[in-house]
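Data first, discussion second: the structure below is written as structure tokens.
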Amino acid sequence: MKIYRTTMGKGRSSDGGESLNSLHEQIKSCSRCPLAAGRNEAVPGEGPDRAEILLVGEAPGRDEDLAGRPFVGRAGSVLDRCLKEAGIHRSEVFITNVVKCRPPRNRRPKKEEVEACRPYLESQMELVRPKVVILMGNAATRAVLDMEGVTSLRGRIYRDLFFVTFHPAAVLRNGNFREEFVTDLSAAKERAQRERAEESR
Ligand code: URA
């Protein structure tokens, strides 16, 4: 059984757990860091309440800030296509970001912004209870595992839960990463399937 640490106290549902909906309502009205002032829409993330695979990107970009949804721009198209190649439907996975509001001019999220947003990501992991979490790019890998260097970190599982791979924007910039990205997505899917089979035994 995977244990996640919850640090958010509000919005508990009747079964004692916090519902994803109420968590996302909190995120939409969040003002825990200065990014809130510049956002059009907060982007909590999307996907089924329970998903076997949870993907984590860096931060919403312009398209995501306007739509209030993750990965809907060019990087999102790459992600969608690569998921499909790996035999994964976007509708079956949960997709979110390290920070839920767009940083100005798409700059990297600052450490304090990541820290302010961290409890939301932790709560999402606890509620969605994925069998596999795919950390896409250095921002997600740093925020969750406190490690850097996607190229050398990919291809292994960390803490029995986390896979590291490229960010879709990196795949967009450098087509050479695409094959490895799809391989990583496929490996994550296989791992989730194996875990499910073991659970049902
Ligand atoms: N890049 C990200 O890291 N996240 C998005 O949602 C879109 C682009």
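Counting starts at 1 for both ligands and their atoms, in listed order. If you read the sequence from its start, that first residue is 1, and numbering goes on from there. Remember, it's a predicted structure, so these values are computed and weren't measured experimentally.
Considering backbone and side-chain N/O atoms, F71 comes within less than 3.5 Å of an N/O atom of ligand 1. Considering backbone and side-chain atoms alike, H167 places an N or O below 3.5 Å from some N or O of ligand 1.
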Quiz prompt | Criterion side-chain contact (heavy atoms from CB on, under 4.5 Å) on V133 and V144, from CA distance to verdict | solution = CA-CA 10 Å; V133 174; V144 174; 5.9 Å; no
Practice problem: List the steps and the verdict of side-chain contact (heavy atoms from CB on, under 4.5 Å) for F71 and S77. | Solution: CA-CA 8 Å; F71 284 100; S77 303; over 6 Å; no
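Every atom of ligand 1 with a heavy atom of E58 under 4.0 Å away is listed here by number and element: 2 (C), 3 (O). Atoms of ligand 1 lying under 4.0 Å from any heavy atom of G57, numbered from 1 in the order shown and given with element: 3 (O).
The closest approach between a heavy atom of A59 and any atom of ligand 1 is below 4.0 Å.
Under a 4.0 Å N-O distance rule, the pair E85/R81 does not qualify as a salt bridge. Salt-bridge check for R107 with E113: passed, with a basic side-chain N closer than 4.0 Å to an acidic carboxylate O.
For the 3.5 Å distance criterion, the side chains of T183 and S186 fail to qualify, holding no donor opposite an acceptor. With hydrogens and angles left out, the side-chain atoms of E46 and H24 include no donor and acceptor closer than 3.5 Å.
Ranking protein heavy atoms by distance to atom 4 (N) of ligand 1, first place goes to N97 OD1, 2.7 Å.
The part of E64 lying near ligand 1 is the side chain, judged by heavy-atom distances below 4.0 Å.
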